[in-house]
Amino acid sequence: MVSSAPSNTTPLCFSINSPPFIHNHTITSAYFSAVFSGLGLSSNLFALVVLAKTFHHTKSRSRSSFLLFLGGLVFTDFMGLLVTGSIVVSFHITHFNWRQLDPHCHFCNFMGMSMVFYGLCPLLLGAAMAVERFVGINRPFARCTAKSSSRACLTVVMVWVTAGCISLLPLAGLGSYHLQIPGSWCFLNISSKPLEMTFGLIFSLVGLLSLAVSFLLNTVSVVTLLKVCCGQDSSQRRRDYEVEMMVQLILIMAIASVCWCPLLMYILKTVVSSLAVDPYSVLFYLRLATCNQICDPWIYILCRESRLRCLLQRPCCRAASSTFAACFSGFVLRRGTRSWIPGSTSYSDVPF
């Protein structure tokens, strides 16, 4: 009887939720998962192509640095959807039994690590981009522009390493990954137990802190940029490309906040107050967070400099106040003016 005990022991990743699950196929269907993943992958792949073409023709070092951050963000979203989406779609197509396929929880731990890693990376990258723009706008002489691209690449790698280290904490005994309803994914265990609570707090607080840093620094950068554009020296300092980057960065922050705050706040509230976990609420919040990976590439695709100029040239925008028009007059200048000199930092002749 003693020798047969290990075979009857439930693996840790199945100790809370154990397959098979009874779930609604109309909601968690292979069609929904495949379309969702396919849309995200195609959007991110298209954005990567557009970013590569724009980066090749960009002459501004600060814009090149920002494009590298955007490239790292889009590439991370692409890989996140590729890794996690392939597992989810495979489950809905084959309906494999996790306990038979993964008796030692290696596969479940891998997916849980992927969910945490690819979840934290966009939030940390958004904060890093906010820091980069804050320094570029408020302290333009505090950095060496000749090495801005190298520093951007190093920062992206550091973000990946940081998120990777956090995702590895459960393998070191701090927290754990568990199979989640409806059985298509694994994620951290949301619990008030000391080790589980610590990991849940690390995950949620790192994400919320990243959003808070992004909000604070982006607000200061926008105020500074408006003062520069609307000030007495506005004619000497046209910064079309800076306005473009700030619009994109604010939208990235806003969409990340809408998509991720519900899940992060739910985890924080649950582990602190010892409330019972509603698995379907976690599933809904996770799906909302995954929408961030689909929206990120379209922020750049739809908010490029050329599109912003066209938007500001519409009649409804021309009817705006003269102060507003003066602030963004760089967008409506024609070719031949100072801001449109080929090779200048405030103009890119790429149609993407």
Distance-minimising heavy-atom pair for L120 and A163: CB-CB, 4.2 Å
Cluster check V220, L209: I/L/V/M/F/W/Y, side chain < 4.5 angstrom: yes
Plane angle bin for W260 and F203 - parallel if under 30°, tilted between 30 and 60°, otherwise perpendicular: perpendicular
Main-chain N/O of P297 paired to N44 side chain as donor or acceptor, under 3.5 Å: no
F107 and F110 aromatic ring geometry - parallel, tilted or perpendicular at 30°/60° bounds: parallel
side-chain contact (heavy atoms from CB on, under 4.5 Å) partners for S37, two or more places apart: V89
Nearest non-hydrogen partners of M111 and C186, listed with the distance: SD-N, 3.6 Å
Side chain S167, main chain G164, donor-acceptor under 3.5 Å: yes
H178 side-chain N/O to F187 backbone N/O, donor-acceptor pair under 3.5 Å: no
By side-chain contact (heavy atoms from CB on, under 4.5 Å) - contacts of L45 (at least two apart): F78
Beyond-backbone contact of L286 with Q180, side-chain heavy atoms, under 4.5 angstrom: no
Derivation and outcome, side chain to side chain contact (heavy atoms under 4.5 Å, CB included), residues L51 and L68: CA-CA 9 Å; L51 279 167; L68 287 173; over 6 Å; no
F96 and F91 aromatic ring geometry - parallel, tilted or perpendicular at 30°/60° bounds: perpendicular
Heavy-atom check, side chain of P170 versus side chain of Y177, under 4.5 Å: yes
Side chain to side chain, P262 and Y266, heavy atoms closer than 4.5 Å: no
Residue pair Q293 / T290, side-chain heavy-atom distance below 4.5 Å: yes
Backbone of C259 reached by a side-chain donor or acceptor of N292 within 3.5 Å: no
Partner residues of H104 under the side-chain contact (heavy atoms from CB on, under 4.5 Å) criterion, sequence neighbours left out: H106
Any donor-acceptor N or O pair under 3.5 Å, side chains E132, T155: no
Polar side-chain atom of N109 near backbone of C105 as donor-acceptor pair, under 3.5 Å: yes
Approximate separation, where rounding is to 0.5 Å, of S214 OG and L124 CG: 9.0 Å
Test item: S192 side-chain N/O and S274 main-chain N/O as donor-acceptor pair under 3.5 Å: no
Mutual orientation of the aromatic rings belonging to W298 and F46 [parallel < 30°, tilted 30-60°, perpendicular > 60°]: tilted
Residue pair F199 / N189, side-chain heavy-atom distance below 4.5 Å: no
Side chains of L81 and D77 in contact at under 4.5 Å (non-hydrogen atoms): no
